[in-house]
2 protein chains.
Amino acid sequence: MVSRAELKEELINAGIRPSVQRLAIFEYVRRSCQHPTAEVVYEALRDELGSLSLTTVYNTLKLFVDAGLISMLTIDDTFRCFDGNRCCHAHFRCNICGKIVDLQMKKDFISLVEGLDGYEITDAQLYLKGVCPSCLKK
Amino acid sequence: MVSRAELKEELINAGIRPSVQRLAIFEYVRRSCQHPTAEVVYEALRDELGSLSLTTVYNTLKLFVDAGLISMLTIDDTFRCFDGNRCCHAHFRCNICGKIVDLQMKKDFISLVEGLDGYEITDAQLYLKGVCPSCLKK
DNA sequence: CTTCATTTTTGAAATCATTGCAAATATATA
DNA sequence: TATATATTTGCAATGATTTCAAAAATGAAG
């Protein structure tokens, strides 16, 4: 697992001052495998930090996304969630239970897209939706 | 171009009664290459239909999406838009001008995803973001 | 250490796309 | 024609996200 010091270094390299709130939020999103929403991050850290504002969480997550440190998922159209996993992967969302899971890719999917000459690509997301094995059984 | 009669037939086959509003909305989304939002559909059809409610547009688009007749895009996190193009394709959204364009795929991208045994897939979207050639020039 | 400027955080109010709801209208069936 | 059902409508409510201006924290300069 990546250390707190390394995470701090990463923020500094991105030109972002590692305030207490920023480092805590960065650490939380990077270490979570749950694709947390801003609200979830807020609930998880408010006690640990003594105080925290939901606005700070929103601002900070946006800062990280713009810096390319984390990515924002819009697979569920009713809220945004965030992903600190830097490896290339796809996402599946179950229409029944709402759970979002990571799925590995055999190869990079951008290479399959035609006509990208002249485009600058900064983000790519592959979203699958349907019913998960667990919900299919019921 | 697909005829109005064929579109009507398609609604009936999907078990959806082709009311005046439904057929007009279906026709508009199917023939548009612009990925319209509910608001855009509403503005475009209210005069043509004499009267139309935004709520009807939302309800009807949801009806079509649930029936698998059109798809909903969440590539822009601030609004939903709709796509009547049934061919497998990816989408690119320019971070500067906001334009959303279709991109052809060399092959179906679902085949690249690992670990889908036991999952039922009902929808797949590949979203790319960045800067389009036109905005890159400026 | 103190002062001043800049950056960051905060909370409350505002925004706005979308949904809920119950009444009105249209359509199908008998 | 009467009755039941399906559809549409407009307005109010919802809720995630943003705005904004003040408060707090941090950094630089003397």
message: I want to confirm an ordering. Mapping B/D77 and B/N59 to their closest nucleotides on DNA chain D, which one lands closer to the 5' end?
response: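 Of the two residues, B/N59 wins.
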- prompt: B/I16 or B/L54: which one's nearest nucleotide on DNA chain D is closer to the 5' end?
  reply: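 Mapping each residue to its closest nucleotide by heavy atoms, the 5'-most match is B/I16.
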message: What I'd like to find out is whether the side chain of A/L103 reaches to under 4.5 Å of the side chain of A/L126, using heavy atoms alone.
response: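 Contact flag for A/L103/A/L126 side chains = no.
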- prompt: Can you find a pair of side-chain heavy atoms, one from A/E43 and one from A/E39, that are under 4.5 Å apart?
  reply: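 Contact flag for A/E43/A/E39 side chains = yes.
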Return the value, rounded to whole Å, for the distance between atom [atom1] of [X] and atom [atom2] of [N].
X	N	atom1	atom2	result
B/L63	C/dT19	CG	P	13 Å
B/R17	D/dT7	CZ	P	5 Å
A/F79	C/dT19	CZ	P	14 Å
A/M72	D/dT17	CE	C1'	11 Å
B/I25	D/dT8	CD1	P	7 Å
A/Y42	D/dA16	OH	P	13 Å
A/D76	D/dT17	CG	C1'	15 Å
B/E43	C/dA17	CD	P	12 Å

message: Applying a 4.0 Å non-hydrogen cut-off, can you work out what A/T37 is touching in the nucleic acid: base, sugar-phosphate, or nothing?
response: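 A/T37: no heavy atom of the nucleic acid under 4.0 Å.
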- prompt: For A/S19, which contact category applies under a 4.0 Å heavy-atom criterion: base, sugar-phosphate, or nothing?
  reply: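 Counting heavy atoms under 4.0 Å across all strands, the contact made by A/S19 is with sugar-phosphate only.
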Is there a side-chain contact between [X] and the phosphate of [N], meaning an N or O under 4.0 Å from OP1 or OP2?
X	N	answer
A/Q21	C/dT10	yes
A/R80	D/dT17	yes
B/Y58	C/dT18	yes
B/T78	D/dT17	no
A/R22	C/dT7	no
A/T55	C/dT10	no
B/T56	D/dT7	no

task: Report the nucleotide, chosen from C/dT10, D/dT9, C/dA28, that has the shortest atom-to-atom distance to any side-chain atom of B/L52.
output: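 Output: D/dT9.
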message: Strictly distance-based, threshold 3.5 Å: is any side-chain N or O of A/T37 a donor or acceptor partner for the main-chain N or O of A/R80?
response: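 It does not hold such a pair.
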message: One thing to verify: whether B/K106 and A/E114 come together as a salt bridge, which I'm taking to mean a side-chain N less than 4.0 angstrom from a carboxylate O.
response: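 No, A/E114 and B/K106 are not salt-bridged.
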message: Is a donor from one side chain sitting under 3.5 angstrom from an acceptor on the other, for A/H35 and A/N85?
response: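 No, because no side-chain N or O of A/H35 sits under 3.5 Å from a partner of the opposite role on A/N85.
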